[in-house]
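Structure first, then comments.
Below, each value reflects all heavy atoms present in this structure, side chains not excepted, and no hydrogens, waters or symmetry copies. Order of the sequence lines fixes the chain letters, A, B, ..., with proteins taken first and strands second; residue numbering starts at 1 for each chain.
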Amino acid sequence: MRLTMTVTTRFAPSPTGLLHIGGVRTALFSWLYARRHNGKFILRVEDTDLERSTPEAVRVILEGMQWLGLDHDDGPHYQTQRFGRYKEVLARMLAAGKAYHCYCSKEELDAMRAAQQAQKLKPRYDGRCRHARGPGPQSGRAPVVRFKNPEEGSTIVRDVVHGDVEFRNTELDDLIIARSDGTPTYNFCVVVDDADMGVTHVIRGDDHLNNTPRQLNMLLALGHQAPVYAHVPMILGPDGAKLSKRHGAVSVLQYQEEGYLPDALLNYLVRLGWSHGDQEIFSRAELVALFDIKDVNKGASAFDPEKLQWLNQQHMMRADPAEIVPQLRWQLVHRGIEPADDEALAAIVVAQRERCKTLKEMADNSRFFFGETVLLDEKAAHKHLTVESRQALQQLGYRLRTLPQWEASAIHAAIQTVAGELDLSLGKLAQPLRVAVTGGTVSPPIDQTLAILGRERTMARLIAAIG
RNA sequence: GCUCCCUUCGUCUAGAGGCCUAGGACAUAGCCCUCUCAAGGCUGUAACACGGGUUCGAAUCCCGUAGGGAGCGCCA
């Protein structure tokens, strides 16, 4: 036995539904904890439910984790590839008398449950086959395998977020660990896997808290040490109800499509149930340095898309524009727009990011930077492109055409000069100009906008607008 | 039904008996800045689920109640 155990955590999603932000947050907590302690992070796909698992869901898990940069050091493991191992452990438990065959039929079990519920009791297996009071092999049925849970005393789960939680063993029945067709069940696979893979810290949703004492008893029966458990609260929808498809965003990858930065999403998710003083914005490195699973709250929290948007913008404003460029490019290509060179895109990022919550919004609002012509918004044109303002634009056009340096400061000076000459407020010239070159009333500062647009496009659009 | 878990502004949270006339953030309202939209700055509205204890003193400790959630499957 090693004296110093490397901290080993795992994320073990089941590919029966698309990975959503709830799963991502547990993954994040596990990942952060492992990274914080220079430990190991394992990815394990729990696909024993052949019926409901889909390749699409597996793909989303893999791609989603990659997109978010939650890299694993081991895996991905697939439980369906470990059936041999489970059978082996199963046989060992049977041989050691830690598990037994149960020949009860589905009908008998249903009847038992119904009777218990009628008496307002918790439905649980009464252990008839364990004590040779059951049907036995002569029934001719293929048996299931049940784990012999302790019949007395209690099991205490030491949980770092909830504290010690005590379960009386009488509340726990002998769960089925292998089906009549021989395939192992979830609770058993988890135990075998966690033990085999050396998981030291089990971090998962608190919907598993009730399963834990049974898993713990199996682990102990197998001669293993109990890991540290941390059951983290779940995420609720914005309306406080359980998170579901109804709340939009089924798959994490949807956040990528909607133009969120991985670091922003992670930052948002980590703050659901965890905090560090009054700090709201965290870089990935800060999270790795500051996060501790012990500081996670117990209560469930509601997902707030507006705060996510705010954080996304904060991260966009702090990021190196060059890192955002590829993502903006992706958004633009998606819209059938011919992407400009990286330098121009970086300039657009800088000009736009303080007025966009997502890259999707940035791309939508940046369409006018591309293409030769621009479609004038009717209302805006009617209001701002008056006879008077067209004349002003014409005068400005003369000056811009011969401007020695096509850069924001020079452009700004030119606009100011013309406004001065015509005795117009800056706004009376800038707005018509904005409408003429962007087609609408909203854009980054007009001098920056023209600088990015370039002289050629600016002049062409100016001429078109003047008519 | 039984067992387990949870409960501070609309939302995310700070708070580990006196620092709390309960702090920050998002959202929201107003003001400032301003070529538009933003970003930014300032100001405001807004919470300890309820009831009992313990204590000189409770958001913080204990007990109930209510509400919410999870588990109880040959699902994971």
Side-chain angles (χ1 to χ4, degrees), chain A residues 12-17 46-49 51-53 79 102 104 106 109-110 113 116-124 142-146 157 159 162 165-168 170-173 175-181 183 185-187 189-190 205-214 231 233-234 236 238 240-242 268 271-281 297-311 313-314 317 352-357 365 380 384 412 415-416 419 425-435 438 440-447 449:
Chain A
S14 139
T16 51
E46 309 213 323
D47 55 353
T48 52
D49 186 348
E51 309 283 302
R52 296 192 301 150
S53 295
Q79 289 189 323
C102 167
C104 294
K106 205 142 186 162
L109 296 175
D110 286 345
R113 270 191 282 270
Q116 287 162 335
Q117 274 172 333
Q119 291 175 66
K120 305 201 171 191
L121 292 171
K122 180 183 196 167
R124 36 188 284 284
V144 298
V145 178
R146 287 184 186 272
V157 175
D159 188 291
H162 290 278
V165 184
E166 179 174 357
F167 295 85
R168 280 184 296 284
T170 50
E171 291 293 332
L172 279 22
D173 62 357
L175 73 161
I176 292 176
I177 58 179
R179 305 181 182 93
S180 48
D181 65 1
T183 58
T185 60
Y186 166 77
N187 281 111
C189 296
V190 168
D206 66 10
D207 49 337
H208 287 286
L209 183 55
N210 286 297
N211 288 329
T212 307
R214 305 209 286 188
H231 287 93
M234 319 209 64
L236 273 21
K242 195 178 163 184
Y268 176 72
R271 283 284 290 101
L272 251 34
W274 178 85
S275 63
H276 180 73
D278 286 339
Q279 188 170 348
E280 293 287 349
I281 298 161
N297 285 165
K298 300 170 194 213
S301 41
F303 176 72
D304 179 5
E306 285 182 321
K307 188 154 184 180
L308 203 212
Q309 292 196 326
W310 174 78
L311 261 175
Q313 180 170 35
Q314 294 300 317
M317 292 194 296
Q352 291 282 43
R353 59 183 172 182
E354 66 192 36
R355 64 206 89 237
C356 300
K357 306 280 191 199
N365 295 343
H384 295 285
H412 187 81
I415 296 171
Q416 253 180 340
S425 68
L426 199 53
K428 281 278 189 286
L429 185 57
Q431 263 320 70
L433 175 58
R434 176 169 279 116
V435 173
T438 72
T441 55
V442 176
S443 87
I446 197 64
D447 47 359
T449 301

Item to complete: Report the nucleotide, chosen from C26(B), C35(B), C72(B), that has the shortest atom-to-atom distance to any side-chain atom of Lys307(A).
Response: C26(B)

Response to the item:
If pairing means Watson-Crick or G-U wobble with both distances under 3.5 Å, then the partner of U55(B) is none

Worksheet item: Between Arg168(A) and Ala142(A), which has a closest nucleotide on RNA chain B that is more 5'?
Response: Arg168(A)

Item to complete: Give one of base, sugar-phosphate or nothing for Ser443(A), where a contact means two heavy atoms less than 4.0 Å apart.
Response: base

Worksheet item: With both distances kept under 3.5 Å, what pairs with C35(B), Watson-Crick or G-U wobble?
Response: none

Practice prompt. To the nearest 0.5 Å, tell me how far Lys298(A) NZ sits from His231(A) NE2.
Written response: 14.0 Å

Response to the item:
Ranking G1(B), C6(B), U36(B) by distance to the side chain of Pro123(A), first place goes to G1(B)

Practice prompt. For Gly205(A), answer base if it contacts any base atom (sugar-phosphate contacts may also be present), sugar-phosphate if it contacts only those atoms, and nothing otherwise; contact means non-hydrogen atoms under 4.0 Å.
Written response: nothing

Worksheet item: In whole angstroms, how far is the C1' atom of U13(B) from the OH atom of Tyr268(A)?
Response: 11 Å

Fill in: Phosphate OP1/OP2 of C74(B): any Ser180(A) side-chain N/O under 4.0 Å
no

Item to complete: Mind checking Leu272(A) for me? I need base, sugar-phosphate or nothing, with any heavy atom below 4.0 Å counting as a touch.
Response: sugar-phosphate

Item to complete: Determine the contact category for Val165(A): base if any of its heavy atoms lies under 4.0 Å from a base atom, sugar-phosphate if only primed atoms, P, OP1 or OP2 are that close, otherwise nothing.
Response: sugar-phosphate

Practice prompt. State the pairing partner of C50(B); accept Watson-Crick or G-U wobble contacts with both distances under 3.5 Å, and report none otherwise.
Written response: G64(B)

Discussion item. Using whole Å, what does the distance between atom C1' of nucleotide A25(B) and atom CG of Asp278(A) come to?
Written reply: 8 Å

Discussion item. Using whole Å, what does the distance between atom P of nucleotide U11(B) and atom CZ of Phe303(A) come to?
Written reply: 16 Å

Practice prompt. Could you check whether Ser301(A) gets within reach of a base, just the sugar-phosphate, or nothing at all, counting any heavy atom under 4.0 Å?
Written response: sugar-phosphate

Discussion item. A14(B), OP1 or OP2 - any side-chain N/O from Asn297(A) closer than 4.0 Å?
Written reply: yes

Discussion item. Measuring from atom CZ of Arg146(A) to atom SG of Cys104(A), what distance do you get when rounded to the nearest 0.5 angstrom?
Written reply: 6.5 Å

Worksheet item: What is the distance, rounded to the nearest whole Å, between atom NE2 of His231(A) and atom P of U3(B)?
Response: 20 Å

Practice prompt. Quick one: label Asp49(A) by what it contacts on the DNA or RNA (base, sugar-phosphate, nothing), any heavy atom closer than 4.0 Å.
Written response: sugar-phosphate

Worksheet item: How would you label the contact of Asn365(A) with the nucleic acid (heavy atoms, under 4.0 Å): base, sugar-phosphate, or nothing?
Response: nothing

Fill in: Opposite nucleotide pairing with C4(B), Watson-Crick or G-U, both atom distances under 3.5 Å
G69(B)

Discussion item. Give me the distance, rounded to whole Å, that separates U11(B) from U28(B) when you measure between the C1' atoms they each carry.
Written reply: 12 Å

Worksheet item: Taking the side chain of Met317(A) as its heavy atoms from C-beta onward, which of C74(B), A39(B), C2(B) lies nearest to it?
Response: A39(B)

Discussion item. Counting only side-chain nitrogens and oxygens, does Arg113(A) get under 4.0 Å of the OP1 or OP2 atom of C72(B)?
Written reply: no

Fill in: Proximity to the side chain of Arg355(A) - top-ranked nucleotide from U7(B), U36(B), G24(B)
U36(B)

Worksheet item: Looking at C35(B), C12(B), G73(B), which one has an atom nearest to any side-chain atom of Arg434(A)?
Response: C35(B)

Worksheet item: Does G17(B) have a Watson-Crick or wobble partner in any strand here, with both distances under 3.5 angstrom, and which is it?
Response: none

Worksheet item: Hey, are Asp181(A) and Thr183(A) close enough side-chain-wise for a donor-acceptor pair under 3.5 Å?
Response: yes

Worksheet item: Which whole number of Å gives the distance between the C1' atom of C26(B) and that of G64(B)?
Response: 36 Å

Fill in: Gap separating the CG atom of Leu433(A) from the CD1 atom of Ile446(A), nearest 0.5 angstrom
4.0 Å

Fill in: Rounded distance (nearest 0.5 Å) linking atom CG of Leu172(A) with atom NZ of Lys122(A)
7.0 Å

Item to complete: Please work out if Pro13(A) contacts a base, only the sugar-phosphate, or nothing of the nucleic acid, heavy-atom cut-off 4.0 Å.
Response: nothing

Discussion item. Check this one for me: any side-chain N or O of Thr16(A) less than 4.0 Å away from OP1 or OP2 of A76(B)?
Written reply: no

Worksheet item: Between Glu280(A) (CD) and G23(B) (C1'), how many Å, whole number?
Response: 12 Å

Practice prompt. Let me know, please, whether Gln313(A) or His276(A) comes out on the 5' side of the other along RNA chain B by nearest nucleotide.
Written response: His276(A)

Item to complete: Using the C1' atom as the reference point in each nucleotide, state the distance between A47(B) and G24(B) in Å, no decimals.
Response: 14 Å

Practice prompt. Would you indicate, yes or no, if C35(B) has its OP1 or OP2 atom less than 4.0 angstrom from a side-chain nitrogen or oxygen of Ser425(A)?
Written response: no

Worksheet item: Of the nucleotides C35(B), A76(B), C26(B), which has the atom closest to the Ser14(A) side chain?
Response: A76(B)

Worksheet item: Base, sugar-phosphate, or nothing: which does Met234(A) touch, judged by heavy atoms less than 4.0 Å apart?
Response: nothing

Worksheet item: Should Lys122(A) be listed as having a side-chain N or O under 4.0 Å from OP1 or OP2 of C4(B)?
Response: no

Worksheet item: How is Leu209(A) classified with respect to the nucleic acid when contacts are heavy atoms under 4.0 Å: base, sugar-phosphate, or nothing?
Response: sugar-phosphate

Item to complete: Quick one: pull up NZ in Lys357(A) and CG in Leu308(A) and give me the separation to the nearest 0.5 Å.
Response: 11.5 Å

Discussion item. At less than 4.0 Å, is any side-chain N or O atom of Gln314(A) found next to OP1 or OP2 of G40(B)? Yes or no.
Written reply: yes

Worksheet item: If you look at every strand shown and take non-hydrogen atoms under 4.0 Å, does Arg124(A) touch a base, only sugar-phosphate, or nothing?
Response: nothing

Response to the item:
With the side chain defined as heavy atoms from C-beta on, Lys120(A) is closest, among C26(B), C5(B), G1(B), to G1(B)

Fill in: Residue matched to A25(B) through Watson-Crick or wobble contacts both under 3.5 angstrom
U11(B)

Practice prompt. Quickly work out the Gln309(A) CD to C26(B) C1' distance and round it to whole Å.
Written response: 11 Å

Discussion item. How long is the straight-line distance from CD of Glu306(A) back to CD of Gln309(A), given to the nearest 0.5 Å?
Written reply: 7.0 Å

Worksheet item: Which part of the nucleic acid, if any, lies within reach of Arg52(A) when heavy atoms closer than 4.0 Å are counted: base, sugar-phosphate only, or nothing?
Response: base

Item to complete: Under a 3.5 Å limit for both distances, which nucleotide forms a Watson-Crick or G-U wobble pair with C42(B), could you say?
Response: G30(B)

Worksheet entry | Main-chain N/O of His208(A) paired with Thr212(A) side-chain donor or acceptor, under 3.5 Å | yes

Practice prompt. Can you figure out which of G73(B), A27(B), C37(B) approaches the side chain of Val442(A) most closely?
Written response: C37(B)

Discussion item. Of the listed nucleotides (A76(B), C2(B), C12(B)), which one gets closest to any side-chain atom of Asn187(A)?
Written reply: A76(B)

Worksheet entry | Closest nucleotide among A25(B), C35(B), A76(B) to the Gln79(A) side chain | A76(B)

Item to complete: Check whether the side chains of Thr438(A) and Ser443(A) place a donor and an acceptor atom closer than 3.5 Å, and report yes or no.
Response: no

